[in-house]
Amino acid sequence: MTPAIRLGPLVLPTELALLIAAGVVGLLAAKLFNRDRDRTAHLSTVLWRALIIGLLVARLSFVWRYRDHYLPDPIKMLDLRDGGWIGLAGLAAAWAYAAIAVLRRHAPRVALLGALALASAAWLGGGRWLAPTPQAQPELAALAVNNMDGAPATMSAFHGKPTVINLWASWCPPCRREMPAFAAAQAANPDVNFVFLNQAEAAQDVAQFLDKHAPALRNVLIDPAGEASRKFSNRGLPATLFLDAEGRLVDLRVGELSTASLAQRLESIRAADSGD
């Protein structure tokens, strides 16, 4: 499974690509099921509204769930780049809107519900298929990485506790923006290993960046060949791997994380260790 799809210079997280694909499935299904051609445009409008309502509710549900992280700087609620949303809440809202549209005869029943059902199945099924397999990742142990002083290091040293591995580079703007969130999380969560695996930069450049922007950061390693981003994120940066205490991959996020979306994923690896 790769968490990113590369289209030339553009790298799309698979979760976004999957959402787009589900929307396309729904629109195509609506045309297939709709026998009242005079109402095709109206049916498409209802489906688009269902999608927008679903996304809005999914985002608002996430913001409410992690509101303590947004209250110090509420404008960050509008920053959708962190990928923070609760998909099932959004899906329920989309279905509720579709049911109301059917009851009020705003759209053909079979076409609308059939299209929404197929779009939902595409999204849920695709998400399950693309989800990281919860098993040990031998590629991590085989990575040739170095300490900041150039000495060889090994990723196996971080087994035994839940581990977060951030793939980053100092030239990457989203990497720089999310660094304070990671620095705060590392200080606040001593029960979790945080590893910052720089991709293919010189140790001197990395040290200069850290001295200026993140002097308290610990467990900084260098992947001189950028092999980790090639294997795990299709060279998309930033990318963050979330592993349980046994070294099994629980989640993988390509793109910027906020304090809220990072907290959500820390909960997921703790839950994996507790068996919840």
Side-chain angles (χ1 to χ4, degrees), residues 1-4 131-172 174-176 178-211 213-257 262 265-275:
M1 186 278 299
T2 175
T133 303
Q135 62 184 14
Q137 299 294 308
E139 296 93 339
L140 280 172
L143 287 176
V145 300
N146 300 328
N147 292 317
M148 289 293 293
D149 60 6
T154 175
M155 300 299 297
S156 60
F158 299 100
H159 282 195
K161 293 197 297 186
T163 299
V164 178
I165 302 174
N166 180 241
L167 311 181
W168 69 285
S170 63
W171 49 261
C172 162
C175 302
R176 298 165 70 101
E178 70 177 3
M179 196 62 75
F182 276 105
Q186 185 177 54
N189 295 276
D191 60 320
V192 177
N193 289 319
F194 285 82
V195 183
F196 301 93
L197 190 55
N198 180 270
Q199 297 298 288
E201 290 190 284
Q204 182 179 357
D205 295 335
V206 175
Q208 290 177 352
F209 172 81
L210 294 176
D211 288 343
H213 298 285
L217 218 61
R218 305 185 305 278
N219 299 333
V220 179
L221 303 175
I222 295 179
D223 177 4
E227 187 177 4
S229 62
R230 178 178 60 81
K231 286 185 175 181
F232 293 105
S233 66
N234 205 6
R235 300 192 183 278
L237 292 178
T240 309
L241 290 74
F242 296 84
L243 292 81
D244 64 14
E246 301 300 321
R248 296 172 298 190
L249 185 64
V250 175
D251 197 1
L252 201 164
R253 161 74 180 170
V254 175
E256 185 176 346
L257 288 164
L262 179 55
R265 286 162 169 81
L266 289 177
E267 289 178 2
S268 72
I269 56 177
R270 287 192 173 103
D273 280 329
S274 65

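Just the heavy atoms: all of them, side chains too, but no hydrogens, waters or symmetry mates, feed the values below.
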What is the distance from atom OG of Ser170 to atom CG of Leu210, rounded to the nearest 0.5 Å?
8.5 Å
Side-chain donor-acceptor pairs under 3.5 Å in residues 144-151, sequence neighbours left out?
from: Asp149; atom 1: OD1; to: Ala151; atom 2: N; distance (Å): 3.0

Correct closest heavy-atom pair for Ala153 and Leu221 would be CB-CD2, 4.0 Å
Heavy-atom side-chain proximity of Leu257 to Arg265 below 4.5 angstrom:
yes
Counting N and O atoms only, with roles assigned by atom type, does the side chain of Gln186 sit under 3.5 Å from a partner on the main chain of Arg218, one being a donor and the other an acceptor?
yes
Minimum heavy-atom distance between Asn166 and Pro238, given as atom pair plus value
ND2-CB, 4.4 Å
Are Val206 and Val220 close enough that some pair of their side-chain heavy atoms sits under 4.5 Å apart?
yes
Quick one, Leu241 and Leu167 - any side-chain contact, counting heavy atoms below 4.5 Å?
yes
If you look only at pairs with a residue in residues 182-204, which of them pass as a ring-ring contact (aromatic ring centres under 6.0 Å, His included), with sequence neighbours excluded?
Phe182-Phe196
Pairing of Arg270 and Asp191 as salt bridge, 4.0 angstrom limit:
yes
Supply the atom-to-atom distance Asp223 CG to Arg230 CZ, rounded to the nearest 0.5 angstrom.
9.5 Å
So CD of Glu178 and CG of Leu262: to nearest 0.5 Å the spacing works out to 8.5 Å
Check whether any side-chain heavy atom of Met155 lies under 4.5 Å from a side-chain heavy atom of Val195, and answer yes or no.
yes
Nearest heavy-atom pair of Leu197 and Ala228: which atoms, and what distance?
CD2-CB, 3.9 Å
Measure the spacing between OG1 of Thr154 and CG of Leu143 and express it to the nearest 0.5 Å.
9.0 Å
Mind checking the CG-CG spacing from Asp251 to Asp244? Nearest 0.5 Å is all I need.
12.0 Å
Is it true that a side-chain atom of Asp205 and a backbone atom of Glu201 form a donor plus acceptor pair closer than 3.5 Å?
no
Test item: Val164 and Ile269 side chains (from C-beta on) under 4.5 Å apart, heavy atoms:
yes
Is there a side-chain contact between Leu237 and Trp171 in this structure, where contact means two heavy atoms from C-beta onward sitting under 4.5 Å apart?
yes
Nearest 0.5 Å, what's the NZ-CD distance between Lys161 and Glu246?
14.5 Å
Does the side chain of Leu140 come within less than 4.5 Å of Phe232's, by heavy atoms?
yes
For the pair Gln199 (side chain) and Ser229 (backbone), establish whether a donor and an acceptor sit closer than 3.5 Å, ignoring hydrogens and angles.
yes
Tell me, please, which residues at least two apart from His213 pass side-chain contact (heavy atoms from CB on, under 4.5 Å).
Arg176, Phe209
Hey, does the side chain of Thr240 reach the backbone of Ile165 with a donor-acceptor pair shorter than 3.5 angstrom?
no
Residue pair Cys175 / Ala169: nearest heavy atoms and the distance that separates them:
CB-O, 3.6 Å
Measure the shortest side-chain to side-chain distance between Trp168 and Met179 over non-hydrogen atoms and say whether it is less than 4.5 angstrom.
yes
